[in-house]
Amino acid sequence: VLLVEIDPSDRLKPLSKRYVDGIDVDELDSDAEYEAYTILVADSTYRLTFTVEGFLEIYLNERIRLVSYEFETRETFTILRDFSGTNYFKIRLRNLQYYEATFEGGGHTKYAP
């Protein structure tokens, strides 16, 4: 996963960029805004389930906004869409207190752009 900390005064200028195996809330500044980029390649269909406390926005292939919501308490939800093949996800995170993502279904491989 490519994790980018966003400069609030200039969204096009990142404060930092790094590659991580997963998003660990304990390593993030809860007051900062981040964008995470990942590519998932699956050999069959899968669904995504998230448990979040904070702001979460997810884009599929840079065009389709799947979710945009500020979770004031810890909530778990599944995106009711079957994904397959190669998909590019951009995940925006802000005021994050908790984050977990789960992949349910067929085998998949995760890549960073």
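Computed from a predicted structure; not experimentally measured. The analysis underlying the following values was restricted to heavy atoms, covering all of them including side chains, and did not include hydrogens, waters or symmetry mates.
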Checklist line | Single-linkage hydrophobic cluster L60~L80, side-chain heavy atoms < 4.5 angstrom | finding: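 Each belongs to a different hydrophobic cluster.
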Check: Just how far is it from atom CZ of F89 to atom CG of L48, taken to the nearest 0.5 Å?
Finding: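 Reported to 0.5 Å precision, the distance equals 5.0 Å.
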Checklist line | L40 CG to S84 OG distance, which is reported to the nearest 0.5 Å | finding: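 The OG atom of S84 is 11.5 Å from CG of L40, to the nearest 0.5 Å.
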Within the side chain of [X], is there an N or O that forms a donor-acceptor pair under 3.5 Å with the backbone of [Y]?
X: N61; Y: Y88; answer: yes
X: D24; Y: D26; answer: yes
X: Y59; Y: R92; answer: no

Next item on the list: Give me the ring orientation class for F71 and F77: parallel if the planes are under 30° apart, tilted from 30 to 60°, perpendicular past 60°.
Entry: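 If you compare the ring of F71 with that of F77, the planes turn out parallel.
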Notebook entry, point to check: Looking at side-chain heavy atoms only, is the closest gap between V52 and Y69 below 4.5 Å?
Noted result: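 Counting from C-beta outward, V52 and Y69 never come under 4.5 Å.
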Next item on the list: Kindly indicate whether the side chain of I64, heavy atoms from C-beta on, has any atom under 4.5 Å from the side chain of R81.
Entry: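 Sidechains of R81 and I64: in contact.
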Item checked: Residue from I79, V67, T78 passing side-chain contact (heavy atoms from CB on, under 4.5 Å) with F50 ->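 Going through I79, V67, T78 one by one, the side-chain contact (heavy atoms from CB on, under 4.5 Å) with F50 is satisfied by I79 alone.
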Next item on the list: Compare every heavy atom of V25 with every heavy atom of Y99, then report the nearest pair and how far apart it is.
Entry: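 Taking every non-hydrogen atom into account, N-CG2, 3.4 Å.
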Next item on the list: Report the C-alpha separation of E35 and R11 in whole Å, then their side-chain angles, then the decisive distance to 0.1 Å, and conclude whether the salt bridge (Lys or Arg N to Asp or Glu O under 4.0 Å) test is met.
Entry: CA-CA 10 Å; E35 290 181 354; R11 295 194 55 77; 3.0 Å; yes
